[in-house]
2 protein chains.
Amino acid sequence: MAPPPPRAVRTPPTSSDVARAAGVSRATVSYVLNNTKGGRVSEGTRTRVREAARQLGYVPHASARALRSGRSGIVLLTAPAVTVGQLFARAFSELQQALSDLGHTAVLYGPTRTRGAAAGRHWAELRPDAVLSLMDDSLDEDAVAVLHQAGVGVVLGLGPEPVAGAHALVTDEEQVGFCAASHLLATGRRNLGVIVPADSSLRGFAEPRLAGAERAVRAHGAGTVVRQDLALDEEAAPSWARQCVAAGVEGLFAYNDEYAALAVRALLDTGVRVPEDIAVVGADDLLIGRLLRPRLTTVRLDYMPSREIAELLDRLIGAPETPPESHDMLRARLVVRESA
Amino acid sequence: MAPPPPRAVRTPPTSSDVARAAGVSRATVSYVLNNTKGGRVSEGTRTRVREAARQLGYVPHASARALRSGRSGIVLLTAPAVTVGQLFARAFSELQQALSDLGHTAVLYGPTRTRGAAAGRHWAELRPDAVLSLMDDSLDEDAVAVLHQAGVGVVLGLGPEPVAGAHALVTDEEQVGFCAASHLLATGRRNLGVIVPADSSLRGFAEPRLAGAERAVRAHGAGTVVRQDLALDEEAAPSWARQCVAAGVEGLFAYNDEYAALAVRALLDTGVRVPEDIAVVGADDLLIGRLLRPRLTTVRLDYMPSREIAELLDRLIGAPETPPESHDMLRARLVVRESA
DNA sequence: TTGAAAGCGATACCAT
DNA sequence: ATGGTATCGCTTTCAA
C-alpha cells in the first residue's frame, strides 16, 4: 500500500530541480519539456529529463512562463451574472474545448462588481492574450482602451452592439422581435403585446427584441405594440394577464419561451384561449415550449459555432494588429407550433 | 474630441515607468499602490505616484506579482461540462462575488479533456491558492496529490463523495431519492419507478438519487423500485410512458422537475391520470414545475450559501495545514403540490 | 549537443 | 521617509 499523498508541499519542484536530478542544465530542461523545434537535444537526454520531471511531480509555473515569454496563453472570457445559464452553458464548454484544442487556456472570469475602465483593469492584470466578453456590457470603450493600453492585443465583444475599438460578434437580437411580430401580423393580429422581463440584467436582450417588434409593425404599416413588463414569477402573472386582456392584446411576443410559458399559463388560467383569443410567440426554442399545451410557437436562434469563434480568436491572437471588424453571429428562424 | 484609443500597445507601462514618472523608486511605487501598512510614505509622494499611475494607465502584472510574492490570489473553480447550467449558474456568480469580497480572484476553468493526474497538472500550472472542484469527477486522489505536490495548499471537492486527501463539501443526493420515495410510499404507492437520465454526464447525480429511493423502500419494508432510463427528449417519451404503464408503476420519482415535466406530459398524453393513476415527484423545484398542471410535487434542495463556502475557502487558505474535513452541504425538503 | 547568463515585472528586506 | 537590490521560475540568445 502506497503512503498517503503528501499534504501541500512547502517548495514545489522547479525546473532547476529537474535539471539537477537529470544532470543537465535548466536550459536543456526547458528545451525538452517544451519540445523546442530543432531536435537540439539527444534522445537519451530527453528521456532522462522527462523521467526526472515525472519522478519529481514537476509542474511548470504558468506565471513564470508568462512573465518571461510575454504570452500568458490565456483567453479570458467575461460574462455578466445573468448569462450563465441555458444556452450559454453549452456554448462555454464548447468554446473552452475549441480554444484548448488550439493551444489556448480559456478561463471564465465571472461578473465583477465593477464595470468599464475598472473592470478592464481587473481583466488586464492577468495579461490575457485575448479577452472575449460574452454579452457583458461591462465591456465599454473605456475598458477596451485600458486593455489595449495594458498590452492586451485582442478584444472581442460578443453582444448586441459593437464596442468602439474592439472586434465584434454581433448578436442582432432585434431580428427575433421582428420575426415574431411579423408572424403575428401576418396571421391577422394587430394589437400586439411584447413582454419585457423585469429582470434588468436582461435588458440588453429585451430592448432590441422589443425594438424589432416595433420595426415589424412599422414595416407592416398597421398595428400597435404595447410594452408589458413582467417578472418571471408565478405571483406576478395573474394580474398581468388580466391587464393584458383589458388592453385588448391579440398577439403576444413573450421575450423567450420561459416567459411565454408563464404568460400562457396565466392567460389560460384567466379563461383566455390560446391561440384563438391571444396568439403567443416565444423565443429560444427551449424544451419547456414543447412540453406545454398548446405547444409554443417560437423563434429559434442559430449561433455561430464555438469552433468558428475559437478559430477567429486564434487568428486574431496571431495578428493582433488587425483593425477591428464586425461579424454577424446569429440568424433567427420562426418555428411554428400551436400557440400562434 | 479625444483621439481614438490606441490599439494594443507594444510595451505596457511597468512599475518602473510609474516610478520614473513620479520621480521615485520602484519600491516606493509598490508601497503606495499596495497601501503597505505603516504609512511609511508621505502624503505628497503618495499622490504623485497615484497620479503618475493613472496618467500612464498602469495596470499591475498579476504574473509578476504572483511569481515574486508566492501567492497568485486565484481560486480555481473546476466544473464538468454538464454542471454549467441552472442552479450552478447562480451559484457560480455568487461564489465569484463572495470570493472577490474576501480578496480572492475566482476563475472558472471549464471541463478539460483530461482527468485525474493530467487534469491536476493543468490546474496546478496556474498555482492557485485553492482549487474548488464543483461536481467534477475529474478530481480524484491522483489529481489531489499532483496539486499538493505542486504547492497548491487547499483542495476542496464539492460533490457526492469525498476525495481522498482533499477537503469535502458533500452533496448527499441520496437524500433526494429517499425523500421522494418515502412520500410516495407513505401515500400508499408500492410499485415505484425511478427515472434515470440517459445523459451519462448526469450519472453522478442520478445514481445516488436512485439509491436513495431504494433505501426508502428497504426502510419501509415493502414496495419495489424499477429503474427507468429516459432521455430528455420529446421523441423518447411516449414509448417510455406506455412501457411505464405496462409495468404497473404507481408512483414515479423523476430525477428532477424537467424530467418530471416530460414524464407527466407523456403520461397525460397516454391517458393516464396524474396523480390518481400514477403519482409523480420531481426534484430541484424548478419553475417549470409550477407552470404545469397538475403542479409538480418536488424535492427542494437547500444548499450551503455561497458566502459560507467562500468563507471556508478563505479560512483554509489562511491555514493550509488544516487536515481534510468533510461538511454536509445540502438538505432535502419535500414540497407537496398536486402531482403526488 | 549543451550550458551560462540575462532578464521578464514586482516585492520586501536592509540600508540610508 | 525613501532607495538599492536580491529574488521568484522560466525562456532564450549566445558561446562553447
Side-chain angles (χ1 to χ4, degrees), chain A residues 9-49 52-53 56-73 124-127 129 149-152, chain B residues 9-49 52-53 56-73 124-127 129 149-152:
Chain A
V9 98
R10 358 66 257 175
T11 23
T14 72
S15 76
S16 296
D17 297 322
V18 176
R20 199 169 315 117
V24 299
S25 75
R26 290 151 58 217
T28 305
V29 171
S30 177
Y31 290 143
V32 173
L33 264 30
N34 295 319
N35 264 313
T36 301
K37 296 306 167 200
R40 308 197 147 295
V41 183
S42 73
E43 204 42 60
T45 315
R46 301 184 96 87
T47 8
R48 268 185 12 256
V49 169
L56 293 171
Y58 170 71
V59 177
H61 193 305
S63 293
R65 186 209 298 278
L67 185 56
R68 178 59 236 223
S69 70
R71 326 217 82 205
S72 63
E125 290 194 359
L126 292 187
R127 296 292 194 278
D129 296 338
Q149 183 70 20
V152 177
Chain B
V9 98
R10 357 64 259 175
T11 23
T14 72
S15 77
S16 295
D17 296 321
V18 176
R20 199 169 315 117
V24 299
S25 75
R26 289 150 59 219
T28 305
V29 170
S30 177
Y31 290 143
V32 173
L33 265 30
N34 295 319
N35 264 313
T36 301
K37 298 305 168 201
R40 310 198 143 295
V41 182
S42 75
E43 204 42 60
T45 316
R46 301 184 97 86
T47 9
R48 272 190 4 261
V49 169
L56 293 171
Y58 169 72
V59 177
H61 193 304
S63 293
R65 187 209 297 278
L67 184 57
R68 176 59 238 226
S69 70
R71 325 218 85 204
S72 62
E125 291 195 358
L126 293 187
R127 294 292 192 280
D129 296 338
Q149 183 70 19
V152 177

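Just so it is clear: chains get the letters A, B, ... in the order the sequence lines come, proteins before strands, and each one is counted from 1. Every heavy atom of this structure was used, including side-chain atoms; hydrogens, water molecules and symmetry mates were not. Being a predicted model, the structure only gives us computed values, none of them experimental.
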Contact under 4.0 Å: [X] side-chain N or O vs [N] OP1/OP2:
| X | N | result |
| --- | --- | --- |
| B/S15 | C/dA10 | yes |
| A/T45 | C/dT2 | yes |
| A/S30 | D/dT11 | yes |
| B/T14 | C/dG9 | no |

How many Å lie between [atom1] on [X] and [atom2] on [N], as a whole number?
| X | N | atom1 | atom2 | result |
| --- | --- | --- | --- | --- |
| B/L33 | C/dG9 | CG | C1' | 13 Å |
| A/N35 | D/dT12 | CG | P | 14 Å |
| B/E125 | D/dC10 | CD | C1' | 12 Å |
| B/R26 | D/dA6 | CZ | P | 11 Å |
| B/L56 | C/dA10 | CG | P | 12 Å |
| B/L126 | D/dC8 | CG | C1' | 17 Å |

Closest approach of [X] to [Y] (non-hydrogen atoms, all atoms of both residues):
| X | Y | answer |
| --- | --- | --- |
| A/R26 | A/A19 | N-CB, 3.7 Å |
| A/V49 | A/A22 | CA-CB, 3.9 Å |
| B/L56 | B/A21 | CD1-CB, 4.1 Å |

Query raised in the report: Is a donor-acceptor contact shorter than 3.5 angstrom present between the side chain of B/Y31 and the base of C/dC13?
Result: yes
**Report entry** Angle by which the axis turns from one end of the helix from C/dT1-D/dA16 to C/dT16-D/dA1 to the other, five pairs per end, to 10 degrees
**Finding:** 40°
Query raised in the report: So which of residues 58-72 of chain A are in contact with DNA chain C, with a heavy-atom cut-off of under 4.0 Å?
Result: A/L67, A/R68
Query raised in the report: With a non-hydrogen cut-off below 4.0 angstrom, is B/V24 in contact with a base, only sugar-phosphate, or nothing?
Result: sugar-phosphate
Query raised in the report: How is A/T28 classified with respect to the nucleic acid when contacts are heavy atoms under 4.0 Å: base, sugar-phosphate, or nothing?
Result: sugar-phosphate
Query - Given DNA chain D, 5'-ward residue of the pair B/R48 and B/R127, judged by closest heavy atom - result: B/R48
